[in-house]
2 protein chains.
Amino acid sequence: MTFIGPSPTPSARDFVYTKLKSQILSLELPPGTALSEKESSLAFSVSRTPVRESFLRLAQEGLVQVLPQRGTFVSLIDPELVEEARFMREQLEKAVIRLACESFPSDKLEELRGNLKEQQESMARKDDLRLFELDEIYHRTLFEGCGKLNTWAVIQQMNVHLNRTRLLRLVSDHQWNHLYEQHETMVQAIEAHDAGLAESTMQEHLLLSVKDQVVLREKFPHYFK
Amino acid sequence: MTFIGPSPTPSARDFVYTKLKSQILSLELPPGTALSEKESSLAFSVSRTPVRESFLRLAQEGLVQVLPQRGTFVSLIDPELVEEARFMREQLEKAVIRLACESFPSDKLEELRGNLKEQQESMARKDDLRLFELDEIYHRTLFEGCGKLNTWAVIQQMNVHLNRTRLLRLVSDHQWNHLYEQHETMVQAIEAHDAGLAESTMQEHLLLSVKDQVVLREKFPHYFK
DNA sequence: ACTACCACACTTGTATGGTAGTATGGAACT
DNA sequence: AGTTCCATACTACCATACAAGTGTGGTAGT
C-alpha cells in the first residue's frame, strides 16, 4: 500500500535503493550476503545517510534484515513467504478478473488486444525481455480497467519475493506460447462474460510461476530459510 | 509483506514511529497537518535522524507525504485506497475461510471457541476495547490455523487505511451482538465444512466496517482527497 | 593445553552542521 | 492600487562526527 511520489530530481537515496534492490532481486547479491552501510556508501560514493535509509526501506520490504550493532544481511528466501505471496496474488487476480467479466471499459479492452498483438510480434522476434514487460502490462491493464490500481501496487510489492526465485534465464526457453494462449483466452472470457473460464485460466496461468523455485532450491539450498 | 524484528531495546526511531502512527490513526494529527523534522525532534526530545527515518517509513505506508524541500504532511484519506483495502481484505479473508472449511487444526479451533467465550464475557462487561482486541485475535487465529500468517501481516498493514475512518467511539454502541453471531456462525461453518456459508458470512461481516467512513466524510470533508 | 579476559576492529544508532531548493512577506517600481 | 522582485526563514537532503553494542583474536594466567 505504498505510494512513492517519484522525485523530479532522483535523490541519492532513490538511486542507492533502486540499485541495491535490483542487485538483490537478480541474485547478484545472494541471500545471506553481509552488507554494511560504510562499505556501500564507499561503493556508491555517497554518505552513509542515504545508504542507511535504503537499508531501512529494504528491511521493511523484507529483502534485508538489519540486526542492530551486528550487521545487515540480504534475507534468505522464505518458502512460506513466497508461497503466500503466490497465494495472495492468485486470490486478488481471480477476484479482479471476475469483476472484469461483469464489466470492463472498452478502451482498456482495446489496450489488451493491442498488447496481445505486440506479444505475438515479440514472440516472433524472440524478444524475451519485452515479453516479460508485456506480461506485466497485461495484468496491470486488467487491474486498471477494474479501477483497482492500488491493488496492483500491492501485488507488485509482493512480487519481489516471487521474483527472486524466478530466474529469467530459465523462463526464457519455455512456454511463452502457453502463456500467450492463456492471455488470449482470458480476454475472450471477459468479452463473453464467462467468469468461470476466466478465473480457472488465471489460476493455471499463475501456477506456472512456481516451477523455478524448485530448481533454484535444489541448486542453492543455502539461499533458503 | 513487511517483517519487523522488534528490537530488544526499543530504539528512539521505533518510539517516534509508533507514537506518530498512533497519533495519525487516531486523527489526533488530522489529515493535511504539516509536520517537520525539527519540530518533532524537539517534541520527542530526540535528534532529527530518528524522526526523519520515521517519516520515511510512514511515507512508505502512505500515512504521510514527503515533498522534498517543501515539507511533510499527514496524507489525506483517499477513498479509493480505503475501498481497495476493504476489497483486498475481503478477498483474502474469504479465501482463507474457504481453506479453513477444508481442514483446520483442532487446537486452533479450540482457540476460536475460547475466544468466542471471552467475547461473550466482554460483551457482558461492556468492555469494548477488549472486544476490539478479541475480534482481531479471532481473525488472526483463522489465518494462523491455515498457515497464512504472512497474509495476515499484509492485511494488518492495509488496515491502517481502514482504521483512520473507523471512529472507535461510533463503533462502540452498535451491533457487537451481530458481530458475535457472525463469529459463531463462521466457527460452526468450519466445523461443518460448509464453505459457502462461511464465505458469505465473512463477506457480510466485513461489510459492516465501511459505515463509519460516510459519517466521517460528511463531518470532515477536508480530510479527504 | 586450556580457559578467562580484554583490547580492538568492526557494526548500527544518534546527533548535528552545512547545502540547496521552496514559500512568503515586504519593499520598490510601474 | 497592483505587480515584480528579492531577502529571509523555512523545508528536507546529505555529510560527518560521536556513541554504544557485538564479535573476535590474542594474551596472560592457570
Side-chain angles (χ1 to χ4, degrees), chain A residues 2-21 23-24 29-76, chain B residues 2-21 23-24 29-76:
Chain A
T2 160
F3 267 83
I4 30 171
S7 337
T9 161
S11 66
R13 178 180 56 231
D14 291 348
F15 173 73
V16 172
Y17 165 77
T18 305
K19 194 77 185 172
L20 282 175
K21 182 171 171 180
Q23 287 181 343
I24 292 174
L29 289 173
T33 306
L35 300 177
S36 130
E37 294 179 1
K38 189 170 185 181
E39 191 182 333
S40 296
S41 74
L42 291 176
F44 291 112
S45 301
V46 297
S47 83
R48 270 184 57 207
T49 304
V51 171
R52 174 178 172 73
E53 290 170 354
S54 298
F55 281 12
L56 290 175
R57 182 161 170 193
L58 291 168
Q60 201 185 343
E61 294 178 0
L63 288 177
V64 308
Q65 195 167 4
V66 177
L67 304 167
Q69 272 65 24
R70 305 218 278 166
T72 300
F73 306 87
V74 178
S75 300
L76 296 182
Chain B
T2 160
F3 267 84
I4 30 170
S7 336
T9 163
S11 64
R13 168 170 25 112
D14 292 347
F15 172 73
V16 172
Y17 165 77
T18 305
K19 195 78 184 171
L20 282 175
K21 182 170 169 179
Q23 287 181 342
I24 293 174
L29 289 174
T33 306
L35 300 176
S36 122
E37 294 178 2
K38 191 172 185 178
E39 191 182 333
S40 296
S41 74
L42 291 176
F44 291 114
S45 300
V46 297
S47 81
R48 280 163 24 223
T49 304
V51 172
R52 173 177 171 73
E53 291 170 354
S54 297
F55 281 10
L56 289 174
R57 184 162 170 191
L58 291 168
Q60 201 187 343
E61 294 178 1
L63 289 177
V64 308
Q65 195 166 5
V66 177
L67 304 169
Q69 269 63 14
R70 302 218 274 167
T72 300
F73 306 87
V74 178
S75 300
L76 297 181

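Atom set for the values below is all heavy atoms of this structure, side chains included, hydrogens, waters and symmetry mates excluded. Quantities reported herein were computed from a predicted structural model and do not represent experimental measurements. Chain letters run A, B, ... following the sequence lines, proteins first and then strands; every chain starts at 1.
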(message) Applying a 4.0 Å non-hydrogen cut-off, can you work out what B:Leu56 is touching in the nucleic acid: base, sugar-phosphate, or nothing?
(response) nothing
(message) Between A:Val46 and B:Gln69, which residue's closest nucleotide on DNA chain D lies nearer the 5′ terminus?
(response) B:Gln69
Just by modelled atom types, is the [Y] backbone N or O under 3.5 Å from a matching donor or acceptor in the [X] side chain?
| X | Y | answer |
| --- | --- | --- |
| B:Ser75 | B:Gly62 | yes |
| A:Ser41 | A:Arg48 | no |
| A:Thr72 | A:Val66 | no |

If the cut-off is 4.0 Å, is [X] near the phosphate of [N], judged by side-chain N/O to OP1 or OP2?
| X | N | value |
| --- | --- | --- |
| A:Thr72 | C:dT11 | no |
| A:Arg48 | C:dT12 | no |
| B:Arg70 | D:dA12 | no |
| A:Thr49 | D:dA15 | no |
| A:Ser47 | D:dA15 | yes |

(request) If D:dT30 has a Watson-Crick or G-U wobble mate with both distances under 3.5 Å, name it; if not, just say none. (result) C:dA1
(request) Starting at OG of B:Ser40, measure out to NZ of B:Lys19 and round the result to the nearest 0.5 Å. (result) 12.5 Å
(request) Inspect the surroundings of CD in B:Glu37 and state if more than 12 heavy atoms from other residues, nucleotides or ligands are less than 6.0 Å away. (result) yes
Without decimals, in angstroms, what is the distance between [X] [atom1] and [N] [atom2]?
| X | N | atom1 | atom2 | result |
| --- | --- | --- | --- | --- |
| B:Arg52 | C:dT14 | CZ | C1' | 14 Å |
| A:Lys38 | D:dA15 | NZ | P | 15 Å |
| B:Leu42 | C:dA15 | CG | P | 12 Å |
| B:Arg13 | D:dA19 | CZ | P | 20 Å |
| B:Glu53 | C:dA15 | CD | P | 11 Å |
| A:Glu39 | C:dT11 | CD | P | 7 Å |
| B:Tyr17 | C:dG13 | OH | P | 16 Å |

If you check the [X] side chain, which of [options] turns out closest?
| X | options | value |
| --- | --- | --- |
| B:Glu37 | D:dC13, C:dT14, C:dT12 | D:dC13 |
| B:Pro68 | D:dT11, D:dC13, D:dC14 | D:dC13 |
| B:Phe55 | D:dC14, D:dA12, C:dT14 | D:dA12 |

